[in-house]
Each structure stands twice: as C-alpha cells, then as structure tokens.
2 protein chains.
Amino acid sequence: MQPRSIPLGSISESGSEERHERRDAAANRELLLQTAEVLFAQHGVENVSMADIAQAAGVGKGTLYRRFANKGELCLALMDAQLSDFQEAMLARMRQMVVDGESSMAQLDMFLDALVHFTAVHQPLLCEVQREGLFGNSTHLSLPHFWQHMTVSGLLQTAVLRQEISAELDIAYIADALLAPLKVDLFRFQREVRGFSVERISAGLRSLAASLKQVT
Amino acid sequence: MQPRSIPLGSISESGSEERHERRDAAANRELLLQTAEVLFAQHGVENVSMADIAQAAGVGKGTLYRRFANKGELCLALMDAQLSDFQEAMLARMRQMVVDGESSMAQLDMFLDALVHFTAVHQPLLCEVQREGLFGNSTHLSLPHFWQHMTVSGLLQTAVLRQEISAELDIAYIADALLAPLKVDLFRFQREVRGFSVERISAGLRSLAASLKQVT
DNA sequence: CCAATATGTGGACTTGAGTCCATTTGTAAC
DNA sequence: GTTACAAATGGACTCAAGTCCACATATTGG
C-alpha cells in the first residue's frame, strides 16, 4: 500500500535523495512480497527457498536478489507494516503513561511485555531476520534491534534521572542484556524445549528488569 | 590424549555401553582434529570449509561427516579439553568459596566473570558451535549451554534458600536470561560494533546479576 | 520521437553443506 | 587362519544460497 520501499517504518528515508526504483521494479517487488507471503503461509517460512519464491513469481533469481539481498531482508519487508504499527503503538502508550504520571520502569515493563508478545507472534519471520546476524550484513536488518535498544536505553536513562534505578548501571549494556533473551533462538528453545509459556517468559523478563529498581 | 571421543568432559559416557569406534577410525578422528586445528590457525575458522579439512587430511567428506556431524561438533571437539578444564576449575573455585563462607551470589559473580572471559577467548570456535543452534540438532552441541544453565540455576537456587535473593524469582528463566547476553552473536556485536571491552561486558553482566540481590 | 544511460532481468554458475551408498577393512568369534 | 559382519570410507550427488553478466527495458532530456 505504501509507496515506500525501505523496511522499518520509522527512521524513514527523510525524503531527500530517493534512490530511483523503476516503476516495473516496484511492481515486481510487490509481486515478490505477495508471492512469498502465500508460499510462506502454505509451506511454512523455513520450507520455502529463495529459488522457490522466484520461480513461483515467474522471475529469475537475479531479480529476486536485486530487491532483497537475502531471505532475512525479504522477511523484514514482509513485516514492515506490522513493525511500524508496533512502534507507533508503543510510542503512543508510552506517551500516555507519561501523561498518567507512570514511572519509567513501569513503561519499560509494559514495553518488554509487548515485545515478548510481538516476538511470539512473529517468531517464524523474525527467525529468518535474525539468522543474518547483527553484523556488517545489510545495515537495516539490525534496525529493529537498534530501535529496541534505543527505546530500552532511553527508558533506563530516564529512570536514572528520576532516581528509579541506580546511576551506577551501564545503561547501554543493560539494554542489550535485557533484549538478549528475546533473540528468537533462545525464545524458541524456551518455548519448545523448556515448555515455557509466553506469559512465563514475559513475567520472567519483567522480573529481571524490575530487580534493577531497588537501590544499589 | 584422552581416549574418549564424546565432547564435553563431564557428563561422561558413564562407562557402560561404549559405542564401538574402530582403532583406525579413532586415528582418523585425531588426524582430522589436528588438521582442522592447523587450518583454522592458518586461515581463520570461518574461512575453512568442511571440504577443505577433509581434503587437507586426505580423506573423503563422508569420513569427516561420520566423525563430526557438522562444523559445530568439530569445533566443540576441538575445545573439549579446555571445556573440561574450565568446568573443573569452576567447580573447584566454587567449592573453595563455599569453604570460605562466601555467598552464592558471590559465586555467581565469579562464575559469570569467568564465563565472559572464556567466551572472549574462544569466540571463533564458539561462534561455529552456536551457529547450529540450541535445538533438535545433535543433542550434545547444547551441552555447554546445558551445563552453564545447571550451574547458574543451581547457584540461584541455593541463593534463594539462603535468602540472598527473592523466592519469587523464576530461577530457570533467570538463568537463561543471564546467559543469553553471552551468546557469541551479541558478544561479538558488543565487542566489535559497540566497542565494549571484555571488562565492561563482565561488569555489566555481573551488575545485572547483582541487582537480583536486594529484597523484592 | 530519439538517443543515451541508468536500472532491471533471467538464468547459468560457483560455493559450501550435508547425504548416500557401493565398496573396503578391522575385529571378534570360532 | 578363516569368516562374517559391523564400522568405515571416498567421492559423487542433492540442495539452497548467493554471484555474475550479457541482454532488455524504462526514463529522461532534447
């Protein structure tokens, strides 16, 4: 629906230097996304290869790879709308909580809970996104992690200012550490092998965050 | 040196039903390990393919794969001794700390610090081990994680008994969560992209664990 | 409308993981 | 020593990821 092509709603391409994408190419991108969505629904994300998608869409592999450098990018693009919605919803809720005079740590609690549920729902696609890793790969694959880190560390920073948590803490590190258990690998392991419920995971993670609260 | 073949020193094969491994096969296993070690040292772990190793060792791929189901297993085998040593050293230190009347949380602090340094040292090999994931794959690839989880949850459990931390906490979850930031993916990201020092990572993780201490 | 050229396209090709299986070889029992 | 068979072996084969590039096509300025 949206004319934009770069995934992850926020941190938009600030309108300036728009990389030309021919109209037929944009159409192909849509075609590929829709094709992938159907195939994923039919056979499960992990059972569909890039070649499958290209073939089903009736284009060559080169075309597919020109639009999406790998399966992770494709999956991220498929979640673009939901990711934006999620971000927007979170910002709105956090703003409202500020208005209501709720603490930063309460906001963090809410955010983590929402993130756990988001992870649960989008597990299959997130799995592919994270398979590519956080590194040098295509920069924007790590944008979700980047945004989450910004959000969590922002809340923690505010919490320090409001003296809800100790000023001794290494905010940047703690933010990473609180997000680490949500990596899909571990999440799936906990769900499928350990048999943890989503609620249990949420409660556990929030209790860890909550433990930061007391004075150090 | 050791005649054993199954990686991860402890949790040994309890001597009973020893799977036959012919003498020539055992020799080949040694040959392969040594060859891999050399190649890894020369070209870096990630630049050496399984085929390279087989060829350099002068055996077929089938032979290599019969000994090691994948690169991860091979890497784990390469760390077998160091892993056992590490475990033994940890057990010894924890026993001594008990004797010295140190708290369980102090033991956890020591353990996490050691684990961070172990991760830093064995990053490249651990990277391959963890690439295979925690799942159904070869069971014993997750043995390190399994052992670490046992250790951490054991310490936390004792800490609960000694009222060093709240009895409300979900020990099994917290143990996973404290170990999650040590997954090599994130660890490397923190080191290489965020520029965190090993000491900073250790301090951060320990501060997170320490925050569990106060009454909840 | 007509270049000129940046972009897009298809599919062959390369690379590495991992599987398969016909054949060989060590070993243990006799 | 012979035999029988479980274990081991090599390398061809399958499968998916990702690269490359000769050729095709939109777009833009004139």
Side-chain angles (χ1 to χ4, degrees), chain A residues 3 5-6 17-33 35-36 39-40 43-76 127-133 135-138 141, chain B residues 3 5-6 17-33 35-36 39-40 43-76 127-133 135-138 141:
Chain A
S5 51
I6 296 176
E17 177 60 48
E18 184 91 9
R19 247 319 155 277
H20 270 308
E21 181 174 80
R22 269 204 237 159
R23 208 169 295 135
D24 57 338
N28 250 335
R29 146 174 273 119
E30 269 319 299
L31 170 64
L32 286 167
L33 283 174
T35 305
L39 288 184
F40 286 169
H43 310 112
V45 177
E46 75 249 51
N47 299 314
V48 178
S49 74
M50 290 296 264
D52 290 339
I53 297 169
Q55 184 166 46
V59 306
K61 280 178 61 167
T63 305
L64 174 54
Y65 275 103
R66 168 164 290 266
R67 300 280 152 262
F68 308 102
N70 51 52
K71 213 169 160 185
E73 276 197 11
L74 197 163
C75 289
L76 190 57
C127 184
E128 295 300 327
V129 174
Q130 292 179 14
R131 182 180 310 306
E132 307 299 329
F135 297 92
N137 317 313
S138 6
L141 266 184
Chain B
S5 53
I6 296 177
E17 177 60 45
E18 184 91 9
R19 252 313 159 279
H20 271 309
E21 181 173 80
R22 271 201 237 157
R23 209 171 293 135
D24 57 336
N28 249 336
R29 147 174 273 120
E30 269 319 300
L31 170 64
L32 287 166
L33 284 174
T35 306
L39 288 184
F40 286 169
H43 310 113
V45 177
E46 75 249 51
N47 299 313
V48 178
S49 73
M50 291 296 262
D52 290 340
I53 297 170
Q55 183 165 47
V59 307
K61 279 178 64 170
T63 306
L64 174 54
Y65 276 102
R66 168 164 289 266
R67 300 281 150 261
F68 308 102
N70 50 52
K71 213 170 163 186
E73 275 197 12
L74 196 163
C75 290
L76 190 59
C127 183
E128 296 300 327
V129 174
Q130 292 180 14
R131 182 180 311 305
E132 307 299 329
F135 296 94
N137 316 312
S138 5
L141 267 184

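Rounded to an integer number of Å, the gap from B:E21 CD to D:dA8 P is 6 Å. Summarising the geometry, the separation between NE2 on A:H43 and P on D:dA16 is reported as 13 Å, rounded to the nearest angstrom. Atoms CG (A:N47) and P (D:dC15) sit 14 Å apart, rounded to a whole Å. The CG atom of A:L74 sits 14 Å away from the C1' atom of D:dG18 (whole-angstrom rounding). Across the protein-nucleic acid pair, B:F68 atom CZ and C:dT19 atom P stand 15 Å apart, rounded to whole Å. Per the geometry, CG belonging to A:N70 stands 13 Å off C1' belonging to D:dA16, to the nearest Å. Atom P of nucleotide C:dG10 and atom CZ of A:R67 are separated by 10 Å, given to the nearest angstrom. One can place CD of A:E46 at 12 Å from P of D:dA17, the figure rounded to the nearest angstrom.
The CG atom of B:L31 lies 12.0 Å from the CG atom of B:D24; values are rounded to the nearest 0.5 Å. With values rounded to the nearest 0.5 angstrom, B:R23 atom CZ is found 14.0 Å from B:N28 atom CG.
Of all heavy-atom pairs spanning B:E73 and B:A69, the tightest one is OE1-N, 3.2 Å. Looking at every heavy atom in both residues, B:L74 comes nearest to B:L33 through O-CD2, 4.1 Å.
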Legend entry - Protein proximity profile, nucleotides 20-30 of chain C - base contact B, sugar-phosphate-only contact S, no contact -, cut-off 4.0 Å on heavy atoms: B----BSS---
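Using a 4.0 Å heavy-atom distance criterion, B:R131 is classed as making no nucleic acid contact.
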Pairs under 3.5 angstrom only: tabulate donor-acceptor contacts from the side chains of residues 48-68 of chain B to other protein residues two or more places apart or in another chain.
unit_1 : atom_1 : unit_2 : atom_2 : d
B:S49  : OG     : B:A51  : N      : 3.4
B:S49  : OG     : B:D52  : N      : 3.1
B:S49  : OG     : B:D52  : OD1    : 3.4
B:S49  : OG     : B:D52  : OD2    : 3.2
B:D52  : OD2    : B:S49  : N      : 3.0

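Distances shorter than 4.0 Å separate none of the side-chain N or O atoms of B:N28 from OP1 or OP2 on D:dA8. Within the structure, a side-chain polar atom (N or O) of B:T63 is placed less than 4.0 Å from OP1 or OP2 of D:dG10.
Residues of residues 48-55 of chain B having a heavy atom closer than 4.0 Å to DNA chain D: none are found.
By the side chain to side chain contact (heavy atoms under 4.5 Å, CB included) test, B:E128 pairs with B:V45, B:E46, B:K71, B:C75, B:R131, sequence neighbours left out.
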